[in-house]
Q: 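Pasting in a structure now, in structure tokens, and then I'll have a few things to ask.
Treat the numbers as computed from the prediction; the structure is a model and nothing was measured. Below, chain A is the first sequence line, B the second, and so on; all start at residue 1.
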Amino acid sequence: MSKGPQRIRGTQDIWGEEADRFHAVTAVFDRVRRLYAFQRVEIPVFEDTQVFARSIGETTDVVSKEMYTFEDKGGDSITLRPEFTAGLCRAYLSEGWQQHAPLKLATWGPVFRYERPQKGRYRQFHQLDAEIIGTDAPAADVELLVLADQLLNELGIGAKEDGGITLQLNTLGDAATREAWRAALVAHFEAHRGDLSEDSLARLDKNPLRILDSKDPRDRPIADSAPDIDAFLTAEASDFFAAVTAGLDAAGVAWTRNARLVRGLDYYRHTAFEFVTDRLGAQGTVLAGGRYDGLVESLGGPHTPAIGWAAGIERLAMMIETPLKTRLGVAVVPVGAEYESYARTVLTRLRAKGARADMAFRGNLKRRMTRADADGAFLVAIVGGDEVANRTVTIREMATGRQEVAAVDDLQWVAEAAQQAVEMYEEGMGDTLNDIPLLGDDKR
RNA sequence: GCGAUCGUAGCUCAGCUGGUUAGAGCAUCGGUUUGUGGUACCGAGGGUCGCGGGUUCAAGUCCCGUCGAUCGCCCCA
């Protein structure tokens, strides 16, 4: 290991295949969110600390011990975003986006939490995020869930794969429901106070709902015998949940009711959901969210119903199949250094015509050919004394060894053949040029 | 923040109960082949064994601390 500065704990340097995986996830998300007409938005990585403290809740672990908070040179308290939702709601208020409500928004990027790192869990990690702000229609809940379902399916890890992901769904009811249920739960847990784990005793004061999904065996019987929310649902809350599940069924999205699924953050109402896998150990939640009708108000805005979800990009990237290695259309290879400027002309023309082309910065012919092969080049454009004299380029098809001569003023067909090969490869239609009419039928 | 396991070359690992100059595969670079890559063969470089301290005649190997990774808890994507 070399000396010098080291990576900060819980951060990552993403490179090579890992970077390809990361990009594959964001690329699919960007395509799918367009299908659903979600607008891409960009918001700051840091905000006034109050944005998170007021919306997430001062007493939560996220705010009280996991935020990267610091004072800037002007003396203001700044926090690196631990999630997207609060910042999006702040923007919704401060930028006057209310006039466009309801808004369907999508974004992704780094978020920060000071936590103990584990596999798939970092201090700077990355999330996909989708929100619908400004409507209390259950159809919005459905819309958001169907988006998530299609995203996971297109990533190849959806519920339809065996051992894939399951959508767990619950309702937390409206404010009246939640209050009544919470009171009943507290009464129930108080009655069994002596048998609860230490963790759950602490939860009893801070966040009694969380006892429901405790993993401690001492808590399980008590949690399992706790009253269900269903008995406390108001007619409105019950109708809302029915409308959501009916919409999911109509869209063909598989779901299971998990009456023990709750949210840690205070602003959630009605729909709560998690897409869960058994493949990632304790980090099994891959995408989660819910309706947060109280959040915008807690930021000082008008009552604004909204719903959203977030998904950890690192966790999704670990689950998808290995993406295809990126391959080069054309590698330009000068026979010697004296032909490099001519080669540069060829390279520039190929790129201008849309070919994915590259040229090593230095090296002899053999070295550059080896490099072309390592880069997965479909074609190599060789230039040396003969080519310069004749204003031509020798095009070699790497898979077959066939060669053709192209005029330097007529490289269009070379660029097209290279791009065709790249595209056919990336669409999974064969990875050798034997399958591809690369060198033009008339030239064979 | 709590408990546990681990930390040897760029990567994956070997190194038995402490004992001569720390090994392998892959990768990298060079050669066989100075206008032609993949395969094969030959060769080379690369490690203060995470870091610091201790025990011992002797530490990669034992002990303590520290940093990091991993697993579980907490919390959460």
Q: For A/Glu198 and B/C75, give me the distance from atom CD to atom C1', rounded to whole Å.
A: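 About 17 Å, once rounded to whole Å.
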Q: For residues A/Thr79 and A/Thr69, is any side-chain donor paired with an opposing acceptor at under 3.5 Å?
A: yes
Q: What do you reckon, are the aromatic ring centroids of A/Phe241 and A/His270 less than 6.0 Å apart?
A: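 No; A/His270 has its ring centre 6.0 Å or more from that of A/Phe241.
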Q: Scan A/Asn364 against the nucleic acid and name what it touches under 4.0 Å (heavy atoms): base, sugar-phosphate only, or nothing.
A: nothing
Q: In whole angstrom, what separates A/Asp199's CG from B/C76's C1'?
A: 15 Å
Q: Given B/A77, B/G1, B/C76, which nucleotide is nearest the side-chain atoms of A/Lys215?
A: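 Selected nucleotide (nearest to the side chain): B/C76.
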Q: By the 4.0 Å heavy-atom rule, please label A/Gly336 as base, sugar-phosphate, or nothing.
A: nothing
Q: Has the side chain of A/Arg116 got a donor or acceptor atom sitting under 3.5 Å from an opposite partner on the base of B/C73?
A: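 Checked by distance alone, the answer is no.
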Q: What integer distance in Å separates A/Ile395:CD1 from B/G37:P?
A: 17 Å
Q: Distances for protein N/O vs nucleotides 39-42 of chain B N/O pairs under 3.5 angstrom?
A:
none

Q: Whole angstrom is fine here: how far is it from CD1 in A/Ile313 over to C1' in B/A77?
A: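 It works out to 10 Å between those atoms.
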Q: Now, which nucleotide makes the Watson-Crick or G-U wobble pair with B/C73, with each of the two distances under 3.5 Å?
A: B/G1
Q: Is there a Watson-Crick or G-U wobble partner for B/U20 with both distances under 3.5 Å, and if so, which one is it?
A: none
Q: In whole Å, measure the gap between the C1' atoms of B/C74 and B/C6 for me.
A: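 One C1' to the other, the span is 22 Å.
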Q: Tell me which nucleotide, if any, is Watson-Crick or G-U wobble paired with B/G43 when both distances must be under 3.5 Å.
A: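 Partner of B/G43: B/C29.
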Q: Does A/Gly10 reach a base, just sugar-phosphate, or nothing at all? Heavy atoms under 4.0 Å.
A: sugar-phosphate
Q: Once you apply a heavy-atom cut-off of 4.0 Å, does A/Arg7 come out as touching a base, just sugar-phosphate, or nothing?
A: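 Nothing, no heavy atom under 4.0 Å.
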Q: Is A/Ala372 touching bases, backbone alone, or none of the nucleic acid, heavy atoms closer than 4.0 Å?
A: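 If one applies the 4.0 Å heavy-atom cut-off, A/Ala372 turns out to touch nothing in the nucleic acid.
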Q: Looking for any heavy atom pair under 4.0 Å, which part of the strands does A/Phe84 touch: base, sugar-phosphate only, or nothing?
A: nothing
Q: Flag the pair A/Arg31 and A/Glu154 as a salt bridge only when some basic side-chain nitrogen lies within less than 4.0 angstrom of an acidic carboxylate oxygen.
A: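 Result for this pair is yes, salt bridge flagged.
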Q: When all nucleic acid strands are considered with a 4.0 Å heavy-atom cut-off, which category describes A/Arg9: base, sugar-phosphate, or nothing?
A: sugar-phosphate
Q: Identify whether NZ of Lys or CZ of Arg in A/Arg40 sits under 6.0 Å from the centre of the six-membered ring of A/Trp108 and within 45° of that ring's axis.
A: yes
Q: In whole angstrom, give the distance that lies between atom CD1 of A/Ile320 and atom C1' of B/A77.
A: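 So the two atoms are 16 Å apart, to the nearest Å.
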Q: A/Gln6 has an atom CD; how far is it from atom C1' of B/C51, in whole Å?
A: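 Computing the A/Gln6:CD to B/C51:C1' distance gives 11 Å.
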Q: Quick one, A/Val380 and A/Val330 - any side-chain contact, counting heavy atoms below 4.5 Å?
A: no
Q: Got a sec, which pairs hit side-chain hydrogen bond (donor to acceptor under 3.5 Å, both in side chains) with one end in residues 331-344 of chain A, sequence neighbours left out?
A: A/Glu340-A/Arg368
Q: For B/A22 and B/C76, measure between their C1' atoms and round to the nearest Å.
A: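 Between the two C1' atoms, the distance is 44 Å.
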Q: Determine yes or no for a side-chain-to-main-chain donor-acceptor pair under 3.5 angstrom, with A/Arg263 supplying the side chain and A/Leu172 the backbone.
A: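 Looks like no, no N/O pair under 3.5 Å.
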Q: Answer yes or no: side-chain N or O of A/Asp373 and base N or O of B/G38 forming a donor-acceptor pair under 3.5 Å.
A: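 Between B/G38 and A/Asp373, which were checked side chain against base, a qualifying N/O pair under 3.5 Å is absent.
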Q: Report the base-pairing partner of B/C62 (Watson-Crick or G-U wobble, both distances below 3.5 angstrom), or none.
A: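 With both distances under 3.5 Å, B/C62 matches B/G54.
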Q: Side chains of A/Tyr92 and A/Leu103, heavy atoms from C-beta outward: is any pair under 4.5 Å?
A: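 Result yes, sub-4.5 Å side-chain heavy-atom pair found.
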Q: Which whole number of Å gives the distance between the C1' atom of B/G25 and that of B/U17?
A: 28 Å
Q: Suppose you measure atom C1' in B/A27 against the same atom in B/C67; what distance do you get, rounded to whole Å?
A: 28 Å
Q: Can you tell me the pairing partner of B/G38 across any strand shown, Watson-Crick or G-U wobble, with both distances under 3.5 angstrom?
A: none
Q: Counting the atoms with a prime plus P, OP1 and OP2 as sugar-phosphate, which does A/Arg371 contact under 4.0 Å by heavy atoms, base, sugar-phosphate, or nothing?
A: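 Touches nothing.
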Q: Considering only atom P, compute the distance from B/C49 to B/G60 and round it to an integer number of Å.
A: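 Their P atoms lie roughly 7 Å apart.
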Q: Strictly by salt bridge (Lys or Arg N to Asp or Glu O under 4.0 Å), give each pair with a member in residues 120-133 of chain A just once, sequence neighbours left out.
A: A/Glu115-A/Arg121
Q: Between B/U39 and B/C63, how many Å separate the two P atoms, rounded to a whole number?
A: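 After rounding to an integer number of Å, I get 45 Å for this pair.
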Q: Would you mind classifying the nucleic acid contact of A/Arg368 as base, sugar-phosphate or nothing, using non-hydrogen atoms under 4.0 angstrom?
A: nothing
Q: Please answer whether the main-chain N or O of A/Ile320 pairs with a side-chain N or O of A/Arg21 as donor and acceptor at a distance below 3.5 Å.
A: yes
Q: Relative to the 5' end of RNA chain B, which residue comes earlier, A/Thr285 or A/Asp216, by the nucleotide with the nearest heavy atom?
A: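 Residue closer to the 5' terminus by nearest nucleotide: A/Asp216.
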Q: Nearest-Å distance, CD (A/Gln12) to C1' (B/A69)?
A: 13 Å
Q: Measuring only the P atom in each nucleotide, how far is B/U61 from B/U55? A whole number of Å is fine.
A: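 Looking at atom P only, B/U61 and B/U55 are 15 Å apart.
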Q: Which donor-acceptor pairs under 3.5 Å do side chains of residues 370-379 of chain A form with protein atoms, sequence neighbours excluded?
A:
unit_1: A/Thr370; atom_1: OG1; unit_2: A/Lys366; atom_2: O; d: 2.9

Q: Taking any strand in view, what nucleotide pairs with B/G68 in a Watson-Crick or G-U wobble way, both distances under 3.5 Å?
A: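 WC or wobble partner is B/C6.
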Q: Are A/Arg210 and B/C76 close enough that a side-chain N or O sits under 4.0 Å from OP1 or OP2?
A: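 Yes, such a contact exists.
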Q: Taking A/Thr107 for the side chain and A/Glu42 for the main chain, is one N or O donor matched with an acceptor at less than 3.5 Å?
A: no
Q: Specify the separation, in whole Å, of atom CZ of A/Arg123 and atom C1' of B/G1.
A: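 Going from A/Arg123 (CZ) to B/G1 (C1'), I get 11 Å.
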Q: Distances under 3.5 Å between protein N/O atoms and the N/O atoms of nucleotides 34-36 of chain B, please, pair by pair.
A:
unit_1: B/G35; atom_1: O6; unit_2: A/Gly385; atom_2: N; d: 3.2
unit_1: B/G35; atom_1: O6; unit_2: A/Asp386; atom_2: N; d: 2.9
unit_1: B/G35; atom_1: O6; unit_2: A/Asp386; atom_2: OD2; d: 3.4
unit_1: B/G35; atom_1: O6; unit_2: A/Glu387; atom_2: OE1; d: 3.3
unit_1: B/G35; atom_1: N1; unit_2: A/Glu387; atom_2: OE1; d: 2.8
unit_1: B/G35; atom_1: N1; unit_2: A/Glu387; atom_2: OE2; d: 3.2
unit_1: B/G35; atom_1: N2; unit_2: A/Glu387; atom_2: OE2; d: 2.8
unit_1: B/U36; atom_1: O2; unit_2: A/Arg396; atom_2: NE; d: 3.3
unit_1: B/U36; atom_1: O2; unit_2: A/Arg396; atom_2: NH1; d: 3.3
unit_1: B/U36; atom_1: O2; unit_2: A/Gln403; atom_2: OE1; d: 3.3
unit_1: B/U36; atom_1: N3; unit_2: A/Gln403; atom_2: OE1; d: 2.8
unit_1: B/U36; atom_1: O4; unit_2: A/Gln403; atom_2: NE2; d: 3.2

Q: Taking atom P in both B/C64 and B/A4, what distance in whole Å separates the two?
A: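 Per the computed distance, 12 Å lies between those P atoms.
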Q: Among B/A69, B/C76, B/C73, which nucleotide sits nearest the side chain of A/Gln118?
A: B/C73
Q: Can you pull out every ring-ring contact (aromatic ring centres under 6.0 Å, His included) where at least one residue sits in residues 277-298 of chain A? Sequence neighbours excluded, please.
A: A/Tyr267-A/Tyr292
